[in-house]
Protein chains: 4
Amino acid sequence: MRAHTGRRRNDAAKAAILAAATDLLAEGQPVTLGAIAGRAQVGKQTIYRWWPSKGAVVLEAMTERARSLAPTASTGSLEGDLEAFVAATFTAAGTPEYAATLRGIVSEALRDEHAAAVLAEFTADRREQLYLIIERWLPDVDADLAVDQVYGVLWYRILIGHATVDDAAGRQLAATIAAQLRAAS
Amino acid sequence: MRAHTGRRRNDAAKAAILAAATDLLAEGQPVTLGAIAGRAQVGKQTIYRWWPSKGAVVLEAMTERARSLAPTASTGSLEGDLEAFVAATFTAAGTPEYAATLRGIVSEALRDEHAAAVLAEFTADRREQLYLIIERWLPDVDADLAVDQVYGVLWYRILIGHATVDDAAGRQLAATIAAQLRAAS
Amino acid sequence: MRAHTGRRRNDAAKAAILAAATDLLAEGQPVTLGAIAGRAQVGKQTIYRWWPSKGAVVLEAMTERARSLAPTASTGSLEGDLEAFVAATFTAAGTPEYAATLRGIVSEALRDEHAAAVLAEFTADRREQLYLIIERWLPDVDADLAVDQVYGVLWYRILIGHATVDDAAGRQLAATIAAQLRAAS
Amino acid sequence: MRAHTGRRRNDAAKAAILAAATDLLAEGQPVTLGAIAGRAQVGKQTIYRWWPSKGAVVLEAMTERARSLAPTASTGSLEGDLEAFVAATFTAAGTPEYAATLRGIVSEALRDEHAAAVLAEFTADRREQLYLIIERWLPDVDADLAVDQVYGVLWYRILIGHATVDDAAGRQLAATIAAQLRAAS
DNA sequence: TAGTAAGCGAGACGGTACGTCGCGTCTTGAG
DNA sequence: CTCAAGACGCGACGTACCGTCTCGCTTACTA
């Protein structure tokens, strides 16, 4: 018995698929499996060889792009770090293309359990970044609710669209949360 | 010119459609137009006579149920009123059926602009309730961010599913927000 | 209980589908379901509402066209009638387009039981025409084998392509079969 | 220039492929390349190293089996030889497995030009056998049509399935053809 | 005896057609 | 003019199969 036979999976194909999915999302075009496959010069079966569903592809495409977005470097104080991180996050997420992408992701996740798993992982990763910043200054405080308030406002506004998600909103929220955390410690 | 000719619209049909939509959402079954029409013993055209799209139906089904859920009567203090309202909201929204329905609503709203409009209206109405409570005690404070924090945490947790949405969470959040508002006034 | 509800099937759609299928066959283009649907301005589902499979569509398209092809009018003798009928059949079936269509039909029938049923019906109908001609002059003779010889030579040559299917071949075969029938009576 | 380098081709693989193809045909299962390769424990590339297309494989599988089927030894008369040969051919071809295989062959040939070429060769070989028998007794007669009548009836009945292909049918046909040839000489 | 070229089983790849599903519209006869 | 039923045009979905390609291994001739 051999350990492995047959042609190896082609990582270039996987990358092309993710790139195509990201492009379509960014351009606001309909994110069809056929469109992804066509743009990536890939057969549809190849997509299903790498992901269990359409939603999972789309979500992974976003996750990759988002992971290196908000700054985590320290500015010298809890207030400064929080403000930098939250404001950067809000600024990025507030652009029309990015917001549209996030909405698309949730839409996929709500219809596809695989996509939901990837979304859970993605959001957990984002929360973790925020935990690390808070922990740096207030290691003993319970930050669960504060973190959810930050991302809650972000997602809620993006999904409903009743209020802006921008630098100013981020700064205001960061200041409020910082005060709340100081009071709790 | 006649004032009106022909058969009158059947309100029983409308009610049956809303009931069918609610049932499907609560059961977690795929909410297709055909399924709604079939379960309600109604022609698809009848649905489109009352609503502009599938999503709008689903949302109205929910809106009706949600509108008279959380208490608005006063308990004697900002802290008490907030706690009662938020805790009741969280308790109701945290039940599996209700949470599933809310997820279904967002899913519809993200794919259908009519549904999005109804969701915007629905959430605006919910926020208004909370504004009124705050205004009762702190008429001059800017409560926009505080309100979004409450509903942000609620929706974010329901959509991602990483933390509980229950009475305790509601009470903790209400206390935090109340303190924040007191500090701002 | 009503006898029937809902919109009636659209015979124009059925006709358009058959026409599109016949056109594609005659043009030698690939007979795809999508191509048929597109050319007929019809949804694919509509095709499947009328026929159980692709092959059945194609076959029925041919059957319609073939049914009124060979003459059945009498010339005054068995020999004359047979020669007229067989020669006309061979001449028509021998044209490249028609032959290609017949080959396509068999190809469908061999992969699809519904199409096979239609082919069986079609060929039975063709044989019946020949029976009627023979019966006109020799009512008591068993013509089964003779009829199969005529159509056997036709299909065999069309499928294999080793010999011509034309007027001359038809006349020669008709004369042979006529003699055989006279001898048997 | 070297005469040859590298590993030799494996005749066992070729045989396994032919056997697998024959089995699938006889069992009436869908004859896909993947199925043949899987059953023969062979890579798909190996099949394409020996044959130009799927159809060619299937046809060669049959040709081998069919070539030594019907007797060509003489019985002492045209009538006897014809009857022996045709009856044996009909008996063999009439078995369900063999008939299924023949149908499969035509199906392949109609979709694949390589297969069509092999089918043409195969049927030419079968016709040649019959020519030889006729030539033995009537060297000067034109037997083209007679031969096509025999194989025409055989293939026509197998493809359409409206009449039996058995010993009796073969005998009756052989007698008819023999008489026809005698008359023509 | 090492080098090298071809064959091997396995299976991923790009592509194309399939048959199904859902949407929102249109059509029918009854109320 | 509404109602239930359901056919319609459209277009995305996920699967199947083709014939090609790539992988690590095996075999056999050549140097």
Side-chain angles (χ1 to χ4, degrees), chain A residues 2-10 12-13 30-35 37-38 40-50 52-54, chain B residues 2 4-10 12-13 30-35 37-38 40-55 111-112, chain C residues 2-10 12-13 30-38 40-50 52-54, chain D residues 2-10 12-13 16 30-35 37-38 40-50 52-55 111-112:
Chain A
R2 262 181 284 183
H4 181 270
T5 59
R7 187 177 182 172
R8 261 1 70 80
R9 296 265 193 94
N10 183 2
V31 185
T32 305
L33 243 170
Q41 293 262 76
V42 145
K44 286 201 282 177
Q45 198 64 247
T46 300
I47 298 180
Y48 284 103
R49 216 171 273 125
W50 287 92
S53 74
K54 191 186 79 161
Chain B
R2 271 180 287 178
H4 186 267
T5 59
R7 187 175 179 175
R8 275 328 95 77
R9 285 207 198 161
N10 183 1
V31 185
T32 64
L33 238 165
Q41 292 265 74
V42 145
K44 289 204 282 177
Q45 197 61 251
T46 302
I47 298 180
Y48 285 102
R49 238 189 302 278
W50 289 90
W51 294 275
S53 76
K54 188 189 72 162
R111 311 209 163 212
D112 183 282
Chain C
R2 260 183 282 182
H4 181 268
T5 58
R7 187 178 182 173
R8 258 4 69 81
R9 296 267 192 91
N10 184 1
V31 185
T32 306
L33 242 170
I36 297 175
Q41 292 264 76
V42 145
K44 288 201 283 178
Q45 199 64 249
T46 300
I47 298 180
Y48 285 101
R49 216 170 274 126
W50 286 92
S53 73
K54 191 186 76 159
Chain D
R2 272 181 284 181
H4 184 269
T5 59
R7 187 176 181 173
R8 271 335 89 78
R9 287 207 195 159
N10 184 358
V31 185
T32 65
L33 238 165
Q41 291 263 78
V42 143
K44 289 203 281 176
Q45 196 61 250
T46 302
I47 298 180
Y48 284 102
R49 216 171 275 125
W50 290 90
S53 75
K54 188 187 71 160
R111 309 210 165 212
D112 183 281

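Everything numeric here is computed off the predicted structure, so don't read it as measured data. The basis for the numbers below is simple: all heavy atoms, side chains too, and nothing from hydrogens, waters or symmetry mates. Letters go in sequence order (proteins before strands), and every chain restarts at 1.
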Between [X] and [Y], is there a donor-acceptor pair closer than 3.5 Å when you use the side chain of the first and the backbone of the second?
| X | Y | result |
| --- | --- | --- |
| C:K54 | C:V31 | yes |
| B:T32 | B:A35 | yes |
| D:R49 | D:R9 | no |

Integer-rounded Å distance: [N] [atom2] and [X] [atom1]:
| X | N | atom1 | atom2 | answer |
| --- | --- | --- | --- | --- |
| D:Y48 | E:dA6 | OH | P | 22 Å |
| C:R9 | E:dT27 | CZ | P | 17 Å |
| D:I47 | F:dC17 | CD1 | C1' | 13 Å |
| B:W51 | E:dG24 | CH2 | P | 14 Å |

Worksheet entry | Interatomic spacing from CD1 in A:I47 to OG in A:S53 - rounded to 0.5 Å |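 Interatomic distance, A:I47 CD1 to A:S53 OG, rounded to 0.5 Å: 11.0 Å.
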Inset, instruction - Return the set of residues passing side chain to side chain donor-acceptor pair (under 3.5 Å) with B:W51 (not counting sequence neighbours), or none when no residue passes. - result: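 B:W51 satisfies side chain to side chain donor-acceptor pair (under 3.5 Å) with B:E60 once adjacent residues are dropped.
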Problem set entry | Those residues that, when tested against D:R8, pass side chain to side chain donor-acceptor pair (under 3.5 Å) (two or more places apart) |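 So D:R8 forms a side chain to side chain donor-acceptor pair (under 3.5 Å) with D:H4.
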Distances for protein N or O near nucleotides 15-17 of chain E N or O, under 3.5 Å:
none

Nearest heavy atom decides the nucleotide; on that basis, is C:P52 or D:R8 closer to the 5' end of DNA chain E?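 By nearest-heavy-atom nucleotide position, the 5'-most residue is D:R8.
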Which part of the nucleic acid, if any, lies within reach of C:R49 when heavy atoms closer than 4.0 Å are counted: base, sugar-phosphate only, or nothing?
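Counting heavy atoms under 4.0 Å across all strands, the contact made by C:R49 includes a base.
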Within the 4.0 Å heavy-atom criterion, would you say C:W50 contacts the bases, only the backbone, or no part of the nucleic acid?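 C:W50: backbone/sugar contact only, no base atoms under 4.0 Å.
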- Query: Which one, F:dC8, F:dT20, E:dC8, comes nearest to the side chain of D:R7?
  - Reply: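 Among F:dC8, F:dT20, E:dC8, the one nearest the side chain of D:R7 is E:dC8.
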Handout entry: OP1 or OP2 of E:dG9 under 4.0 Å from side-chain N/O of A:T5
Key =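 It does not, given that no N or O in the side chain of A:T5 lies less than 4.0 Å from OP1 or OP2 of E:dG9.
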* Asked: Quick one: is F:dG9 close enough that its OP1 or OP2 comes under 4.0 Å of any side-chain N or O from C:T46?
  ->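 For F:dG9, OP1 or OP2 has a side-chain N or O of C:T46 closer than 4.0 Å.
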